[in-house]
Amino acid sequence: MIRMENSLGTIEIAESYFSNLIGNAASSCFGVAGMANSNARQGIRSFLHRKSSYADQGVVVRKDGAGLSVDIHIIVTYGLNISAIVKSIVNKVRYTIEEATGFQVKKINVFVDGMKN
């Protein structure tokens with residue numbers, strides 16, 4: 001659970017909600033061929049269940065002071081401008097989180113783990 005306090009009280013939102021929200025926003029960006037596993041737990045889950053992808057695959061969300069810190073692991077389409085893809089993801093994810101939850105996003109780290117044709 002990610003807990004934030006404001007003048008009206010305390011807000012608690014599950015990390016899985018953020019992971020699904022971010023995963024859907026990032027994977028819908030142009031040039032993203034897929035999401036890569038971000039940790040061992042996701043790798044084992046993918047291996048055991050043999051499902052090609054999950055909405056929260058490749059996403060790690062942490063509370064960072066008064067805001068959120070997000071790590072996103074992606075696979076990009078070969079031949080496209082990686083810098084443009086990453087900027088698009090950062091803008092879309094920041095907007096999606098702040099509009100859906102009202103939480104401030106401090107940092108978004110995008111890791112390109114591979115390329116696909």
Side-chain angles (χ1 to χ4, degrees):
M1 296 294 272
I2 296 178
R3 177 182 298 209
M4 296 285 197
E5 294 186 24
N6 62 16
S7 62
L8 300 175
T10 303
I11 301 169
E12 291 183 356
I13 299 178
E15 289 179 29
S16 61
Y17 172 77
F18 283 108
S19 296
N20 289 330
L21 185 69
I22 294 166
N24 289 329
S27 62
S28 69
C29 288
F30 178 75
V32 177
M35 304 295 283
N37 293 322
S38 62
N39 56 34
R41 183 177 58 85
Q42 289 181 356
I44 292 171
R45 178 181 64 183
S46 295
F47 179 75
L48 292 177
H49 295 290
R50 304 280 184 205
K51 190 173 174 184
S52 61
S53 65
Y54 292 89
D56 66 341
Q57 185 175 10
V59 178
V60 178
V61 181
R62 302 178 295 286
K63 183 178 176 194
D64 186 14
L68 297 175
S69 179
V70 178
D71 293 341
I72 303 170
H73 295 261
I74 61 168
I75 299 170
V76 298
T77 304
Y78 179 78
L80 297 178
N81 187 341
I82 294 174
S83 176
I85 295 169
V86 170
K87 286 178 185 176
S88 172
I89 291 169
V90 168
N91 290 332
K92 185 166 187 175
V93 167
R94 184 180 307 276
Y95 175 79
T96 302
I97 291 173
E98 290 177 356
E99 283 296 310
T101 65
F103 287 4
Q104 178 187 7
V105 179
K106 281 192 158 184
K107 188 189 322 184
I108 299 175
N109 299 315
V110 179
F111 300 96
V112 179
D113 290 346
M115 289 186 176
K116 214 178 224 185
N117 285 341

Which value, rounded to the nearest 0.5 Å, describes the distance between [X] atom [atom1] and [Y] atom [atom2]?
X	Y	atom1	atom2	answer
M4	I11	CE	CD1	8.5 Å
Q104	D64	CD	CG	10.0 Å
T77	N117	OG1	CG	9.0 Å
L68	F18	CG	CZ	5.0 Å
T101	Y17	OG1	OH	7.0 Å
T96	K92	OG1	NZ	6.0 Å

Answer with yes or no whether the side chains of S69 and K63 bring together a donor and an acceptor at under 3.5 Å.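 No.
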
Honestly curious: do [X] and [Y] fall in one hydrophobic cluster under the side-chain, below-4.5 Å linking rule?
X	Y	answer
M115	I85	yes
F30	I75	no
V86	Y78	yes
L80	V76	yes

Ignoring hydrogens, what is the shortest heavy-atom contact between [X] and [Y]? Give both atom names and the distance.
X	Y	answer
E15	M1	OE2-N, 4.1 Å
A25	C29	O-SG, 3.5 Å
S27	V32	CA-CG1, 4.0 Å
D113	H73	OD2-ND1, 2.9 Å

Of V105, D71, V93, which meets side-chain contact (heavy atoms from CB on, under 4.5 Å) against I22?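 Option passing the side-chain contact (heavy atoms from CB on, under 4.5 Å) with I22: V93.
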
Can you name the one residue among V112, V61, N109, I108 that meets side-chain contact (heavy atoms from CB on, under 4.5 Å) with I72?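 So, applying the side-chain contact (heavy atoms from CB on, under 4.5 Å) to I72 and each of V112, V61, N109, I108, only I108 qualifies.
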
Before giving the answer on side-chain contact (heavy atoms from CB on, under 4.5 Å), spell out for V70 and V60 the whole-Å C-alpha distance, their side-chain angles and the decisive distance to 0.1 Å. CA-CA 6 Å; V70 178; V60 178; over 6 Å; no

Under the side-chain contact (heavy atoms from CB on, under 4.5 Å) criterion, do F111 and I74 qualify, and how do the steps go? CA-CA 6 Å; F111 300 96; I74 61 168; over 6 Å; no

Is the shortest side-chain heavy-atom distance between R3 and T10 below 4.5 Å?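 In contact.
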
What do the steps show when you test F103 against I2 for side-chain contact (heavy atoms from CB on, under 4.5 Å), and what is the final call? CA-CA 10 Å; F103 287 4; I2 296 178; 4.3 Å; yes

Check step by step if side-chain contact (heavy atoms from CB on, under 4.5 Å) holds for M35 and V59. CA-CA 8 Å; M35 304 295 283; V59 178; 4.0 Å; yes

